[in-house]
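Working notes, beginning with the structure itself.
What you see is a predicted model, and the numbers here were worked out from it, not measured in a lab. Quick note on labels: first sequence line is chain A, next is B, and so on, each numbered from 1.
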Amino acid sequence: MREKTDLRNPPGADPRSGGNWRFYNARMPPIPDRPSLEGLDERWSAVWDADETFRFDRSRTRAEIFSIDTPPPTVSGSLHVGHVLSYTHTDTVARFQRMRGREVFYPMGWDDNGLPTERRVQNYYGVRCDPHLQFDPDFVAPDKPGKEVVPISRPNFLELCARLVAEDEKAFEKLWRRLGLSVDWSMTYTTIGREAQRTSQLAFLKNLARGEAYQADAPTLWDVDFRTAVAQAELEDRETAGAYHALRFHKADGSGDLLIETTRPELLAACVAVVAHPDDDRYQALFDTEVTTPLYGARVPVVAHRLADPEKGTGIAMICTFGDTTDVTWWRELQLPTRAIVGADGRLKSDAPETLSAAGAEAYAEIAGKTVKQAQKVVVEQLRTSGELDGDPRPITHPVKFYERGDRPLEIVTSRQWYIRNGGRDPELRAALLARGREVNWIPAYMRARYESWIEGLTGDWLISRQRFFGVPFPVWYRIDADGNVLRDEPLLAPEDALPVDPSTDAPPGYTEDRRDRANGFTADPDVMDTWATSSVTPEIATGWASDPDLFARTFPMDLRPQAYDIIRTWLFSTIVRSHFEFDTVPWAHAAISGFVLDPDRKKMSKSKGNVVVPMEWLEKYGADAVRYWAANGRPGTDTAFDEGQIKIGRKLAIKILNVSRFVLTVSEGAGEDRSVVTHALDRSMLAELAALVDDTTAALDQFDYARAIERTERFFWSFCDDYVELVKGRAYGVAGDEAARSAQAALRIALSHLLRLFAPFLVYVTEEAWSWWREGSIHRVSWPEAGELRLDGADPLVFTVAADVLGAVRKEKSEQKRSLATPVDRVVVRDTEHRLAALDAARSDVRDAGKIAGDVETEIGPELLVKVELAPVTDA
RNA sequence: GGGCGUUUAGCUCAGUUGGGAGAGCGCCUCCCUUACAAGGAGGAGGUCGGGGGUUCGAGACCCUCAACGCCCACCA
């Protein structure tokens with residue numbers, strides 16, 4: 001059959017009308033006899049790369065462009081199926097928009113700065129950054145961690161970070177390419193890269209100039225292991241074992257004792273007051289008097305505050321500086337003194353607070369230098385001995401605040417930090433940011449509730465400085481006066497045109513390097529920005545705000561922010577904050593929120609549970625299209641169970657697409673796609689249903705509902721394969737004459753062309769492969785189907801439906817009789833409504849042919865479909 | 001304590017103007033039919049979480065309760 005090809009396609013025939021133009025294109029593979037998925041992924045991703053299929057054309061105008069604020073994955077972790085899920089979602093949208101005619105701005109970023117990378121480098125090489133060490137140009141990183149952790153200088157450490165992330169990024173890109181993400185790889189950025197640093201520093205300086213960023217000395221949540229401040233957004237509560245300890249405070253007038261329960265007796269020395277609710281009758285007499293602390297004999301006032309809960313413990317609490325965030329509130333609102341005893345290393349300071357009695361100071365000496373945990377044991381023993389512990393501690397479990405990456409409970413330590421206002425202490429700004437949230441189109445809509453409840457619960461501004469190394473430094477220095485004092489309140493700012501700067505190696509304007517860290521000189525701000533402070537300007541980084549005004553004008557504000565719901569309070573919120581300040585606008589029109597991947601038992605996947613699925617294994621086992629199929633069925637915002645079964649179905653679908661494409665192209669070889677030859681009612685009926693499908697999926701994808709789109713397309717596709725193709729197969733082969741054959745052939749090709757394009761955003765490789773068998777160029781650059789051209793005059797969707805119903809009834813009879821589907825049928829009687837019988841009449845010969853019905857299909861009018869089938873008798877042959 | 005989501009066949013889930021209870025997997029039966037046996041055809045299986053209401057009619061709309069999951073919260 002294949003050798004007829006050149007006869008049917010004389011030179012000069014329009015290859016676009018369905019001819020076998022592959023003869024004119026050396027790269028076109030012939031249609032394989034047995035289509036297979038093997039090697040498709042690699043072959044086509046190489047072609048896309050070579051042809052720059054997904055290159056962004058920056059000459060297009062803003063209205064023609066669809067720009068995507070891609071989430072930069074943290075490269076120090078490993079990519080897991082959760083990434084595959086959400087990045088596939090975004091890619092389907094990108095490919096749809098591209099086919100709809102938008103020029104898609106779809107860069108990839110790598111989030112490589114920050115603590116996760118530092119931690120990975122520490123573990124990978126067995127090193128630790130000591131900023132006091134000098135750069136060692138001859139330093140050679142160990143191949144693997146030694147027994148002792150090797151302290152290395154900051155520049156050496158940063159070099160190792162850069163080296164490791166470069167390797168990680170290569171592996172990530174490889175996976176993304178295999179998955180078939182249609183990003184323009186020439187636009188990739190990294191969050192530690194020069195452009196990101198320049199953008200972050202510029203945005204910070206502008207925030208500072210407008211008063212949106214500021215420095216403050218204040219109690220902050222502090223991770224004692226990482227020795228850095230931590231922002232509210234990075235907190236998580238963990239149920240932790242603790243105990244109520246009833247401590248015996250002494251009334252100052254000697255009239256007796258006062259029992260106060262606490263879970264943190266080790267902080268007793270830091271007690272600055274005790275507090276009860278202003279309406280609590282039990283303590284009215286005590287307000288404005290003083291009590292003496294047990295063990296330490298310090299005199300502290302009894303104060304009233306609404307946050308004291310009469311129901312908790314004895315209804316009266318001790319206020320320490322600082323045991324928890326409520327202490328901070330009390331301290332601030334009641335203007336209490338500060339007696340901090342926990343240091344940045346999580347150990348009790350060596351010096352006792354001055355207010356302790358002499359005996360108290362001795363008691364304190366026993367806990368100085370200990371960790372809070374060790375100190376608690378000692379203090380409890382001391383209290384027991386002094387008789388000031390009432391009864392035994394009562395064990396409880398209670399939520400305690402942890403840094404999300406940390407291992408020990410957070411302490412509260414006073415330190416000087418940089419902040420950006422976020423509405424945490426400014427009702428007007430809070431309202432403005434809530435309003436911004438309503439400007440964004442949330443997908444799904446209910447995800448906005450998370451954004452709003454986060455803003456409503458903010459307790460302070462956004463702490464952006466971290467006492468770490470592999471991050472964007474603050475472009476700030478401080479003068480040192482003649483006496484060697486660092487003048488913190490007079491920062492020296494980097495000029496904008498000098499950005500990015502590293503104040504630890506660059507000197508501020510007007511100074512030379514020899515004045516660093518000396519009297520009458522300068523010193524660098526030692527901190528780096530938190531990773532979210534950089535991530536919050538990903539739209540600005542990606543669109544070239546700081547360096548490419550032309551690109552920026554064409555791509556910002558962006559169209560789409562895709563991300564998962566867990567970082568609404570961090571990435572999404574902070575991005576809106578920055579854009580609100582800088583541009584007085586939202587950064588993007590749509591926020592498409594993905595869910596998480598659960599293991600097959602619907603448990604959250606995590607490394608510690610050992611149920612993490614490595615994506616590359618599945619890509620290699622079933623092919624990228626199969627994995628993408630699974631991902632595309634995960635609905636927006638909804639958690640999706642990892643399901644190998646679904647991937648297998650995706651693989652089956654992919655193979656089916658190749659096979660049916662092969663069949664359609666083979667049976668219709670030489671036919672065109674001229675709608676005017678589609679004269680047969682069944683063919684026109686099928687195309688009418690296809691038109692409805694195009695409308696449905698287009699509307700769904702316009703609303704980012706990729707799951708609905710693929711589900712509908714798949715449903716139609718199977719009915720197309722099982723029913724339509726079977727019904728018209730004989731006619732397409734020519735059993736009913738040339739005109740009838742041409743109608744079927746053209747309809748088959750038109751339907752295939754449309755179905756391949758409807759599947760293209762999802763099953764990117766097989767659609768490209770099948771497309772290449774008969775069309776020039778990438779399917780991913782052709783236009784999305786239009787329903788209008790499928791709607792032919794007088795087409796009745798019912799014809800296809802009824803014909804398929806009757807064919808199904810015939811099959812059912814054969815199945816129930818345990819006969820082959822090839823069994824001839826002697827007689828068929830269809831009873832149905834007049835309307836449906838009329839529809840059937842239009843496809844009568846196709847039904848007879850597909851059902852192997854020897855006689856005519858008899859009909860009689862009835863209330864509903866009832867088919868009587870008489871099979872040919874069994875023969876002994 | 002406040003909020004959001006989910007609850008449909010054994011499993012994973014569709015069901016978008018209220019009128020047929022559905023798909024795939026799994027299970028059972030059958031079939032090598034000239035695109036496809038790493039296929040194909042067919043079957044069994046559900047008082048749509050409970051209760052109330054609106055309606056000629058509710059899986060879908062309203063009220064209420066429950067279970068599960070998640071987010072937020074000043075958790076001594």
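- Interface residues of residues 266-276 of chain A facing RNA chain B, ordered by number: none; criterion, heavy-atom separation under 4.0 Å.
- Here the side chain of K729(A) is nearest to one of A35(B), C4(B), C75(B), namely A35(B).
- Ring geometry for F596(A) against Y565(A) counts as tilted: the plane angle lies between 30° and 60°, on a 0 to 90° scale.
- Each of A76(B), A73(B), A35(B) was ranked by its minimum atom distance to the side chain of V725(A); first place goes to A35(B).
- At the heavy-atom level, K812(A) lies under 4.0 Å from the strands shown only through sugar-phosphate atoms.
- Between the P atom of A41(B) and the CD atom of E726(A) lies a distance of 8 Å, rounded to the nearest Å.
- Distance check on atom C1': G39(B) versus U47(B) gives 38 Å, rounded to whole Å.
- Counted within 6.0 Å of CD on E239(A), heavy atoms from surrounding residues, nucleotides or ligands total more than 12; the atom is thus considered enclosed.
- When heavy atoms are screened at a 4.0 angstrom cut-off, G808(A) is found touching the sugar-phosphate backbone but no base atom.
- Note: F800(A) and Y724(A) have perpendicular aromatic rings, judged against thresholds of 30 and 60 degrees for the angle between ring planes.
- As a whole-Å value, the separation of D696(A) CG from A14(B) C1' is 12 Å.
- Spacing between A66(B) and G50(B) at atom C1', rounded to whole Å, works out to 7 Å.
- Contacts of K814(A) with the nucleic acid, taken as non-hydrogen atoms under 4.0 Å apart, are absent.
- With both ends at atom P, the span from G5(B) to C56(B) equals 30 Å, rounded to whole Å.
- Atom CH2 of W630(A) is separated from atom C1' of G24(B) by 17 Å (rounded to the nearest Å).
- Looking at heavy-atom distances under 4.0 Å, R306(A) makes no contact with the nucleic acid at all.
- Between L268(A) atom CG and L295(A) atom CG the span is 6.5 Å, to the nearest 0.5 Å.
- For N659(A), the listed nucleotide lying nearest its side chain is A35(B); candidates were A35(B), C25(B), A76(B).
- Look at CD1 on I710(A): it is 15 Å from P on G15(B), rounded to the nearest Å.
- Atom NZ of residue K621(A) and atom CZ of residue R651(A) lie 10.0 Å apart, to the nearest 0.5 angstrom.
- Here the rule is side chain to side chain contact (heavy atoms under 4.5 Å, CB included) with V825(A), and of K814(A), E813(A), R848(A) only K814(A) fits it.
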Base-pair map of RNA chain B as dot-bracket, where | denotes pairing with a different strand and pairs are Watson-Crick or G-U under 3.5 Å
(((((((..((((.....[..)))).(((((.......))))).....(((((..]....))))))))))))....

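- Nearest nucleotide to the R715(A) side chain, out of C4(B), A14(B), A35(B): A14(B).
- Distance noted for atom P between G26(B) and G40(B): 12 Å (whole Å).
- Taking atom CG of L748(A) as the reference point, atom P of A35(B) lies 12 Å away to the nearest angstrom.
- As rounded to the nearest Å, G20(B) and G57(B) have P atoms that lie 14 Å from one another.
- I568(A) contributes atom CD1, which lies 5.0 Å from atom CH2 of W442(A) (distance to the nearest 0.5 angstrom).
- Among the atoms of the strands shown, base atoms are found under 4.0 Å from some heavy atom of A308(A).
- As judged by a 4.0 angstrom heavy-atom cut-off over every strand, G313(A) is placed among residues making no nucleic acid contact.
- In terms of the salt bridge (Lys or Arg N to Asp or Glu O under 4.0 Å) criterion, K656(A) has no residue partners (sequence neighbours excluded).
- For L458(A) and G2(B), the CG to P distance is 21 Å, given to the nearest whole Å.
- Between the side chain of S815(A) and the base of A41(B), at least one donor-acceptor pair of N or O atoms lies under 3.5 Å.
- For T262(A), the listed nucleotide lying nearest its side chain is A76(B); candidates were A14(B), A76(B), C74(B).
- Using P as the reference atom, U8(B) and C30(B) are 33 Å apart when rounded to the nearest Å.
- Using a 4.0 Å heavy-atom criterion, one finds that Q703(A) contacts no nucleic acid atom at all.
- For A76(B), one of the phosphate oxygens OP1 or OP2 lies less than 4.0 angstrom from a side-chain nitrogen or oxygen of H398(A).
- Put simply, CD on Q817(A) is 19 Å from P on U33(B), counting in whole angstrom units.
- In this structure, the side chain of R749(A) does not engage the main chain of V664(A) through any donor-acceptor pair within 3.5 Å.
- The salt bridge (Lys or Arg N to Asp or Glu O under 4.0 Å) test with R811(A) singles out one residue from D723(A), D722(A), D805(A), and that residue is D723(A).
- For C72(B), one of the phosphate oxygens OP1 or OP2 lies less than 4.0 angstrom from a side-chain nitrogen or oxygen of R569(A).
- Between C25(B) and K652(A), a contact under 4.0 Å exists linking OP1 or OP2 to a side-chain N or O.
- Of the candidate nucleotides C72(B), U33(B), C70(B), C70(B) has the atom lying nearest to any side-chain atom of R450(A).
- Taking OG1 of T698(A) as the start and CZ of R712(A) as the end, the distance is 13.0 Å to the nearest 0.5 Å.
- Between F716(A) atom CZ and A23(B) atom C1' the separation is 17 Å, expressed in whole Å.
- Side-chain atoms of D324(A) stay outside donor-acceptor range of the base of C75(B), with no qualifying N/O pair under 3.5 Å.
- In this structure, the nucleotide among A76(B), G40(B), C72(B) sitting nearest to the side chain of W454(A) is C72(B).
- Between the side chains of S661(A) and E769(A), no donor-acceptor pair is found at a separation under 3.5 Å.
- Counting any heavy atom pair closer than 4.0 Å across all strands shown, T329(A) reaches no nucleic acid atom.
- Within the 4.0 Å cut-off from OP1 or OP2 of A14(B), not a single side-chain nitrogen or oxygen of Q646(A) is found.
- Side-chain atoms of R831(A) do not come within 3.5 Å of backbone N or O of V867(A) as any donor-acceptor pair.
- Of the candidate nucleotides C4(B), C75(B), A76(B), C75(B) has the atom lying nearest to any side-chain atom of K401(A).
- Here, C62(B) and C4(B) have their P atoms 13 Å apart, quoted to the whole Å.
- For L821(A), whose side chain is taken as the heavy atoms from C-beta onward, the closest listed nucleotide among G42(B), U33(B), A14(B) is U33(B).
- In this structure, R264(A) does not reach the A76(B) phosphate: none of its side-chain N or O atoms is under 4.0 Å from OP1 or OP2.
- Nearest nucleotide to the side chain of W330(A), out of A76(B), C4(B), A41(B): A76(B).
- Using a 4.0 Å heavy-atom criterion, one finds that K818(A) contacts the sugar-phosphate atoms exclusively.
- The separation of G22(B) from C48(B), taken at their P atoms, amounts to 14 Å, rounded to a whole angstrom.
- R282(A) contributes no side-chain N or O that, together with a main-chain N or O of I316(A), makes up a donor-acceptor pair within less than 3.5 Å.
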